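Please read all numbers here as calculations on a predicted model, not as lab measurements. Within every chain, numbering begins at 1; the chains are lettered A, B, ... in the order of the sequence lines, protein sequences first and strands thereafter.
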Amino acid sequence: MPEGPSLVILKEKLQPFVGQKIIMADGYAKGFDPAVLIDQTISDIRTWGKNLIIIFRGFSVRVHLGLFGSYKINHRGKNRASLFLQFEEDELNFYIAHVKLITDPPQQAFDWTTDVMNKGFDAKKAREKLMLKPERLICDALIDQRIFAGSGNIVKNEVLFRTRVHPESKIAFIPTRKLNELISEVVVFCKDFYEWRKAETLRQHLEAHEKQICPRNKIPFNKADLGKTKRHCYYCSKCQKLYDEKKRANIEMATKLL
DNA sequence: TAAGTTGTTCGGGG
DNA sequence: CCCCCGAACAACTT
């Protein structure tokens, strides 16, 4: 379920719950006592990256669906919910969710300029954070929630394919222009992701993630667990360029000659 | 059927 | 103090 765009869709589905009072709460999520929610009224629901933020008077609750998480509105699954909320007429179930009580005001607890689904996402800040670790591989950086909150493995693979960048490219050797393109493409792709997911056509629109053949060259994609994160990368070695030290050395040599 | 998966946190070791 | 890495978590699909 859970990259940023899916969470925004969840948030939108839950808007009818704003203003509703919780009359009963339960769940096995560790480190969280559901009882604190009883008799509390939801004052707002937002997202931050892959987190759903349910805001109450004086505190909020952060729900993260991890890799296998799911939710049901006015239905119940086979297993016990990690968070169950009962309202006057409706009920909400989260399965395999991590739940955390947040006492700091949301504006303070979350940096909204990092959220790729937020209008206030700050591309310049993202670029500065990328530059802080020039040795890092782009495939690792693209799923770093401190830089791109809400970006996940699908976003990573699709953005790298769209911008024709090899996942093992090092930040330091990616030209600034290309780095900027990568950052803005994260936002653009997430918007597409959101629209397609809402229309339930996401899978058929993906060009690289879990695909066998490169749609541009009609040759097989490479599939490998790359970077420190060792997450699946699907990439075409013909059209996705590897920015590495060697190429940088060439650029420097050319610069000296000029 | 067993492997694969849109993810994060924690703790130990270096 | 930082970084790295593996384990743990847990359920659905193919």
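Summarising the geometry, the separation between CD1 on A/I143 and P on B/dT9 is reported as 13 Å, rounded to the nearest angstrom. Rounded to a whole Å, the CG atom of A/L202 is 12 Å from the P atom of B/dT6. Distance, A/K230 NZ to B/dT8 P: 17 Å, rounded to whole Å. Note: CZ (A/R80) to C1' (C/dC9) measures 16 Å, nearest angstrom. Remark: C1' of B/dT8 and CG of A/L7 are 14 Å apart, rounded to the nearest angstrom. Computed from coordinates, the A/F94 CZ to C/dA11 P distance equals 17 Å when rounded to whole Å. For A/L67 and C/dA11, the CG to P distance is 13 Å, given to the nearest whole Å. The nearest whole Å value for the distance from the CG atom in A/L65 to the P atom in B/dT8 is 11 Å.
Comparing atom distances between the A/E210 side chain and each of B/dT6, B/dT8, C/dA11 picks out B/dT6 as nearest. For A/H232, the side-chain atoms get nearest to B/dT5 when compared with the rest of C/dC5, B/dG7, B/dT5. Listed nucleotides: B/dT6, B/dT5, B/dG7. Nearest to the side chain of A/K50: B/dG7. When distances are taken from the side chain of A/K78 to each of C/dC12, B/dG7, C/dC4, the shortest belongs to C/dC12.
Between A/Q145 and B/dG7, a side-chain N or O to OP1/OP2 separation shorter than 4.0 Å is absent. Remark: A/Y234 is in phosphate contact with B/dT5, judged by side-chain N or O atoms under 4.0 Å from OP1 or OP2. Within the 4.0 Å cut-off from OP1 or OP2 of C/dC5, not a single side-chain nitrogen or oxygen of A/K228 is found. One finds a side-chain N or O of A/N79 lying less than 4.0 angstrom from the OP1 or OP2 phosphate oxygen of C/dC12. Under 4.0 angstrom from either OP1 or OP2 of B/dT6 there lies at least one side-chain N or O belonging to A/R231. Taking side-chain N and O atoms only, A/K223 has a distance below 4.0 Å to OP1 or OP2 of B/dT5. Dashed line: the shortest gap from a side-chain N or O of A/H98 to OP1 or OP2 of B/dT8 is not under 4.0 Å.
Under 4.0 Å is where a charged nitrogen must lie from a carboxylate oxygen, and between A/E128 and A/K125 no such pair does.
Figure legend. B/dT9 is base-paired to C/dA7; pairs are counted as Watson-Crick or G-U wobble with both atom distances under 3.5 Å. B/dG14: Watson-Crick or G-U partner is C/dC2, with both key distances under 3.5 Å.
Relative ring orientation between A/F17 and A/F87 is described as tilted, the plane-to-plane angle lying within the 30° to 60° band. Using the six-membered ring where Trp is involved, A/Y234 and A/H209 have ring planes that are perpendicular, over 60° apart on the 30 and 60° scheme.
Test A/T176, A/N180, A/D122 against A/R127 for side chain to side chain donor-acceptor pair (under 3.5 Å) and you get one pass: A/N180.
If you look at A/Y235 and A/F221, their ring centroids are not closer than 6.0 Å.
Taking CG of A/L52 as the start and CG of A/L14 as the end, the distance is 6.0 Å to the nearest 0.5 Å.
Across the P atoms, C/dA7 and B/dA3 are found 16 Å apart, a figure rounded to whole Å.
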